[in-house]
Amino acid sequence: MQNFEVAWIFHELADLLEFKGEDFFKIRAYRNAARVLACLEEPLEEIWKRGELAKIPGIGKNIAAKINEVLATGHLKKHEELLQEIPPGLLEIMSLPGIGPKRAGLIYRKLGVASLEELARAAREGRVRSLPGMGSKTESDIIRNIEMREDRAGRVLLATARELAGELAGFLKILPGVSRVEAGGSLRRWQETVGDIDLVVAASEPEPVIQAAVAHPRVREITERSGNRFRFQTQWGISVDLEIVPEELFVQALFRSTGSKAHYRKIQGMLAGRGKHVESDFAGRAGKTFEEADIYASLDLPFIPPELREDRGEVEAALQGRLPRLVELKDIKGDLHIHTTWSDGLGTVEQMAARAREKGYQYIAVTDHSQSLKIARGLSLNMLREQHRAIRSLNEQNGDFRILTGIEVDILPKGGLDCPDELLKEADLVVASVHSAFKQDRETMTARIISAVENRNVDIIGHLTGRLIGQREEYALDLERVLEAAASCGTILEINSSPDRLDLNDINARKAREKGIKMAISTDAHDLKRMDEMLYGVSVARRAWLEPGDILNTMDIDELLQFLRKR
DNA sequence: GCCGTTTTCGGCCCGACTGTTTTCAGTCG
């Protein structure tokens, strides 16, 4: 069992207990445990075998016993019992924005509604507004949010899909007779969500591959099968399409699988114009193998990276020799949005810095939350001063690595920042973000954010649109005006690498680039593990056609400090 | 539930917003 699978049980347990109206602190303890377990770097089973579960911070005697039960039996009795008692659909209802345990309970008791589907129907029929405390606005919010969820039904976050794809590909690769395995499709193009995983396998014989795949613990059943293609359902609810081809056809199969359809068709058309075909002209044979670059080269085109293959002008740019030199993970020299134990992070400043060093970074910026964000233990002004003193003294000890003093300052509902300008001025780097009053109207929200963009002390605007993929829509915002303001003030916009944020997204980041706005790719990490998510931010930047020069944190430390001073 | 200790209980979490009301409960970050 993977750590996050154990964590998930406690996460769900907390939701179930919340529905039952259990003690707040007990629920918080379970939530905290789920978070800590999901962030562990060592496999939980190892810690368990050493008998050191209760040594994990946030895990006491009781939760340790429950983890023991989960690892020994594969499930948790208390969790299963609650699932029997409470319809699982209620948890989904509770996860809708604006609906918590009380309202879900009310909806269940008064309307007999226990699933999203039933709730959508009840809302459309105007039955929800009859409940105390709920009116027509709540009703239309419910409908909108359920529709948003339906839109992405069956789609999963890129990071989740990549994890599963990596595990399956690693497994298939070592089978006898298998020479190459790669994921194609939207996953290879690094789309923010994917509908299913496409794996292309080069193997001498398809049958042994499929037999082995079916035996993999993550695989539930084969759902379709035609020729050399197999579709199966996994334990994670993600479908996998497996295409098994002889090695000489691997590259063309991968190329086709990668798509996008529009890009593929365009290339196909251009090849046809030269009397060529992907299928017949790029099948390898004895002494001759092809790579994707050969397909492009036959059209006198440079290799087009999968992230660009969306038919958004990449073929035309390639024809004119104007393809960007896309930013790469190795261009990144530091992380400019990091939380620590001073606010709601799980790692200390020293730990986060040490990890950054291991990654080969030259710097990080410690940007803990500001005073108003109470739930995240936002730092009081005095604590902030104290933290910055502590960081300066740390910097004196390690000469070749720089920790920037910073803050993620809240952009307050009425505009203005949650920290006086004198203090912001002293910090090396200021990220300003919205964490409250998401439902303001477009005009108010736009003015609010522009007030931060125009503040001379603000360097970067964090997660600009506030969306959480599949969970929360972006707030109402005149993006065009915000971009204009950022361009004219030289304010930097963040590409937040969190797999459920990816905010700015590819489209908006490309717009920003066209306006000459610089961007910072940051993880917003709250623990060591999530510092690894930088690659997802980089993938957004690549899909947005960004080059190293567009990105603030590709700068060396000296260049960065000079740049920040001049702003 | 966990944690820490002033060592076995008391503290941990709080203010603002929203949609509904007409004074506030529920939700959120």
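Throughout, a chain's letter reflects where its sequence line sits, starting with A, and its residues are numbered from 1. Just so you know, these numbers come straight off a predicted model, no measurement behind them. Side chains are part of it too, since the values below use all heavy atoms of this structure and drop only hydrogens, waters and symmetry mates.
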Taking the six-membered ring for Trp, are A:Tyr30 and A:Trp8 closer than 6.0 Å centroid to centroid?
no
When we call it a touch if two heavy atoms are under 4.0 Å apart, what does A:Leu96 touch: a base, just sugar-phosphate, or nothing?
sugar-phosphate
Between A:Phe10 and A:Arg31, is there a cation-pi geometry (under 6.0 Å to ring centre, at most 45° from the normal)?
no
Touch class at under 4.0 angstrom, heavy-atom based, for A:Ile59 against every strand present:
sugar-phosphate
Name the residue from A:Val431, A:Val453, A:Ile450 that meets the side-chain contact (heavy atoms from CB on, under 4.5 Å) definition with A:Ile461.
A:Val453
Quick one: how far along DNA chain B does chain A reach, first to last nucleotide 5' to 3', anything under 4.0 Å to a heavy atom?
B:dG1 to B:dG29
Is any NZ, NE, NH1 or NH2 atom of the basic residue among A:Asp141 and A:Arg144 found under 4.0 Å from an Asp or Glu carboxylate oxygen of the other?
yes
Quick one: label A:Arg377 by what it contacts on the DNA or RNA (base, sugar-phosphate, nothing), any heavy atom closer than 4.0 Å.
nothing
Determine the interatomic distance between P on B:dT5 and the same-named atom on B:dG11; round to the nearest Å.
16 Å
Atom C1', compared across B:dT8 and B:dG1: separation rounded to whole Å:
15 Å
When we call it a touch if two heavy atoms are under 4.0 Å apart, what does A:Ser436 touch: a base, just sugar-phosphate, or nothing?
nothing
Is A:Lys66 touching bases, backbone alone, or none of the nucleic acid, heavy atoms closer than 4.0 Å?
sugar-phosphate
Can you confirm if the aromatic rings of A:His79 and A:His11 lie within a centre distance of less than 6.0 Å?
no
At 4.0 Å (heavy atoms only), tell me whether A:Lys78 reaches a base, stays on the sugar-phosphate, or touches nothing.
sugar-phosphate
Touch check for A:Pro132, heavy atoms < 4.0 angstrom, all strands: base, sugar-phosphate only, or nothing?
nothing
When you compare B:dT6 with B:dC13, how far apart are their C1' atoms, in angstrom units rounded to a whole number?
23 Å
P gap between B:dC28 and B:dT20, integer Å
15 Å
Using a 4.0 Å heavy-atom cut-off across all strands, classify A:Phe438 as base, sugar-phosphate, or nothing.
sugar-phosphate
Checking all strands, does A:Phe25 fall into the base, sugar-phosphate, or nothing category for heavy-atom contacts under 4.0 angstrom?
base
Would you call A:Arg467 and A:Glu192 a salt bridge, taking side-chain N to carboxylate O under 4.0 Å as the test?
yes
Over all strands shown, is A:Ser140 touching base, sugar-phosphate only, or nothing at heavy-atom distances under 4.0 angstrom?
nothing
Gap in Å between the two P atoms, one belonging to B:dG26 and one to B:dT21, rounded
14 Å
Roughly how many Å apart are B:dT22 and B:dG29, using the C1' atom of each and rounding to a whole number?
28 Å
